[in-house]
Amino acid sequence: MKLGFYPVLGKSDFLKIKGEKIPIWQLLEYQPAGWLYSLATKAEIVPDSLIIHDCGSFNYRDQNIPTINGKYVDAHWSIHRYRERSKVGDIIVCPDHLLVEENIRERQEYNLQQAKTFIQLAKSYLPNRIPLAVIHGQSLSERLEVAKYLLGLGYRHLGIGGLVSQAREYSTNLHIIKTITEVVRSRSDSERVSPFAKRVRQDKAGVSRSHSDSAGVSHEPNVHLHVFGLCSPQYAKAFTEMGLSFDGSTFIREGLGGGMFVSHEEKLIRMPAYCTPKCNCHVCRVLHRHRIDPRLTNKGRTHTMGRIAHNLNMAIGTYRKFIPKEKIYLVAGCGKQLPYSAAAKDLYCSQHFQACRRYVEEKESRWYILSPLHQVLNPETIIKPYDKSPYSLSHQERILWAEQVAENLIQVASLEIEFVFLTGKLYRQEVTPILQAKGYETKVPMQHLAIGQQLAWIKKELEQEKQLVLNI
């Protein structure tokens with residue numbers, strides 16, 4: 001299951017443009033992780049994306065006996081509905097009842113019984129779907145007991161629900177969610193030890209690294225948690241850092257109520273549509289071409305749906321700011337070389353190069369070597385020793401070299417990548433402007449440091465990471 005935001009799917013999430021129904025997801029600049037589709041809703045158009053099929057418990061929260069359209073909601077009924085709606089790989093949510101009103105104990109018993117029946121039915125009738133059960137409880141300890149029970153039944157996708165009513169109690173909710181996440185992941189068989197942590201432990205135990213089988217170890221826990229109904233930027237940032245998915249419908253509610261989102265840094269500011277400045281986001285540019293103005297209220301459904309699409313686009317764009325960028329490290333192929341052919345990572349044998357190499361290898365990120373002769377080298381590429389440095393290139397030759405380097409890097413990296421230069425000025429000064437002009441982020445952590453200071457910086461960074469692993 002993908003991490004990130006799952007917007008709630010409505011009944012008619014489309015705009016009519018020139019007589020054609022255009023789904024709002026076709027207007028978005030970025031796509032969400034997937035969508036949440038409730039059994040209480042019958043959508044006219046459904047995206048061909050990952051979908052969480054929800055049982056619709058919010059709609060029957062005030063009913064002692066849960067029903068949707070007069071039908072009793074239980075594991076058997078929901079499995080039948082999910083067979084009609086879902087596709088291979090989708091997530092299907094076990095029927096649950098929110099712990100409100102007076103008959104709390106009966107609702108708790110309902111939740112536990114449905115969870116037990118649902119996972120058995122899912123395995124039998126929908127083996128290619130992913131069953132998810134929701135954790136409810138009146139206290140944190142009660143929630144933890146329910147979580148352990150669901151893990152014992154075999155669930156590997158769990159939801160955390162029942163917190164929307166206290167959404168403003170951010171610290172309390174986050175404490176509940178963090179504690180559940182820590183306990184669930186610690187009880188699962190999914191804790192993975194990173195290669196670096198293994199090496200540290202092996203070093204302490206005197207174990208040879210040659211016997212390590214750490215290559216390719218995944219850091220992903222095999223129990224995934226999803227938070228229902230909390231989607232403010234403050235929550236979204238915390239969930240992203242914790243590795244959780246989440247859903248919400250605030251973008252719809254605000255749009256229907258005449259409100260528009262304005263994104264400012266890491267916040268979403270809600271404003272009345274009529275006083276919102278003209279927007280130039282991707283969605284609004286498309287809408288304006290068809291004379292649709294999301295700032296207009298009470299002027300028809302098309303403008304309202306345009307506003308909802310705008311709000312969703314703003315929300316997704318804001319949430320994306322919380323996703324840490326993958327890094328590619330770039331190391332300068334310079335200094336002393338071996339007198340014979342070898343892998344590039346070994347050929348350059350200066351103290352500075354090998355220090356940079358150790359640093360990026362401990363980071364477990366992709367890295368490449370910038371060579372005055374070969375432009376961009378994979379560290380494993382076998383090359384012969386050579387005698388060429390940036391200082392031997394004319395200004396025009398350096399510009400040509402930089403263009404070739406940038407072109408090679410762009411071929412191996414999407415715009416989601418951040419390039420980190422562990423190089424001297426001549427290896428980067430003509431390269432970084434080209435990458436930045438193409439939309440890439442660049443970083444130079446050792447800028448303005450002399451060689452000796454760079455070595456000291458690398459040593460300090462490695463010691464800090466080692467101490468962190470030892471503490472863990």
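- A tilted orientation is assigned to the rings of His53 and Tyr37, their planes being inclined by 30° to 60°.
- With no hydrogens or angles considered, no side-chain donor-acceptor pair links Thr442 and Glu418 at under 3.5 Å.
- Within the 3.5 Å criterion, the main-chain N or O of Phe261 finds a donor-acceptor partner in the side chain of Asn311.
- For the pair Asn103 (side chain) and Glu106 (backbone), a donor-acceptor distance under 3.5 Å is absent.
- Between the side chain of Asp247 and the main chain of Cys231, no donor-acceptor pair closer than 3.5 Å is present.
- Remark: Glu169 engages no residue in a salt bridge (charged side-chain N to carboxylate O under 4.0 Å, His left out) (not counting sequence neighbours).
- Paired with Leu330 under the rule side-chain contact (heavy atoms from CB on, under 4.5 Å), one option of Leu409, Leu422, Ile369 passes, and it is Leu409.
- Identified under the side-chain hydrogen bond (donor to acceptor under 3.5 Å, both in side chains) test for residues 21-33, with sequence neighbours left out: Lys21-Glu44.
- Under the 6.0 Å distance and 45° angle rule, Arg61 counts as a cation-pi partner of Phe58.
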| request: May I have the step-by-step check of ring pair (Phe, Tyr, Trp, His ring centres under 6.0 Å) for Tyr359 and Trp457, ending in yes or no? | output: CA-CA 10 Å; Tyr359 174 77; Trp457 182 87; 5.4 Å; yes
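- Between Leu132 and Ile92, every side-chain heavy-atom pair lies at or beyond the 4.5 Å cut-off.
- A salt bridge does not link Arg307 with Glu254: none of the charged nitrogens is closer than 4.0 Å to a carboxylate oxygen.
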| field | Evaluation steps, side-chain contact (heavy atoms from CB on, under 4.5 Å), between Tyr319 and Phe246 | value | CA-CA 11 Å; Tyr319 300 155; Phe246 59 101; 3.9 Å; yes
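- Residues His224 and Ser245 are in side-chain contact: their nearest non-hydrogen atoms beyond the backbone lie under 4.5 Å apart.
- Side-chain contact between Leu230 and Ile177 is present, with at least one heavy-atom pair separated by less than 4.5 Å.
- With hydrogens and angles ignored, the 3.5 Å screen pairs no side-chain donor or acceptor of Thr41 with any backbone N or O of Ala43.
- The existence of a salt bridge linking Lys148 and Glu145 is confirmed by a sub-4.0 Å separation between a basic side-chain nitrogen and an acidic carboxylate oxygen.
- Under 3.5 Å, the side chains of Arg301 and Ser12 contain a donor-acceptor pair of N or O atoms.
- The side-chain hydrogen bond (donor to acceptor under 3.5 Å, both in side chains) analysis of residues 129-140, with sequence neighbours excluded, yields the pairs Ser86-Arg129, Asp96-His136, Ser139-Ser141.
- When side chains are defined from C-beta on, Phe14 does not count as touching Ile22, because their heavy atoms never get closer than 4.5 Å.
- Using bins of under 30°, 30° to 60° and over 60° for the plane-to-plane angle, the ring pair His226/Phe228 lands in the perpendicular bin.
- For Thr117 and His76, the side-chain atoms include no donor-acceptor pair closer than 3.5 Å.
- A donor-acceptor contact closer than 3.5 angstrom links the side chains of Gln108 and Glu142.
- Taking the centre of each ring, His310 and Phe251 stay at or above the 6.0 Å mark.
- Residues Pro131 and Phe118 come closest through the heavy atom pair CB-CE2, 3.9 Å.
- Listed here is the closest heavy atom pair of Leu174 and Phe239: CD1-CE2, 4.3 Å.
- Salt-bridge check for Lys327 with Glu364: failed, with every basic side-chain N at 4.0 Å or more from each acidic carboxylate O.
- Using a 4.5 Å heavy-atom threshold, the side chains of Arg295 and Met260 count as touching.
- Judged purely by atom type and a 3.5 angstrom limit, His175 has no side-chain atom pairing as donor or acceptor with the backbone of Ser171.
- No side-chain heavy atom of Asp293 sits less than 4.5 Å from a side-chain heavy atom of Leu287.
- With hydrogens and angles disregarded, no donor-acceptor distance shorter than 3.5 Å links the side chain of Arg156 to the backbone of Ile130.
- A salt bridge is absent between Arg358 and Glu361: the closest approach of a Lys/Arg side-chain nitrogen to an acidic carboxylate oxygen does not fall below 4.0 angstrom.
- The minimum heavy-atom distance between Phe322 and Thr240, with the atom names listed, is O-CG2, 3.4 Å.
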| task | Under the side-chain hydrogen bond (donor to acceptor under 3.5 Å, both in side chains) rule, what do Gln166 and Asn173 come out as? Steps first, then yes or no, please. | result | CA-CA 8 Å; Gln166 58 188 53; Asn173 278 351; 2.7 Å; yes
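- Judged by distance alone, the side chains of Arg107 and Asn111 never bring a donor and an acceptor atom under 3.5 Å apart.
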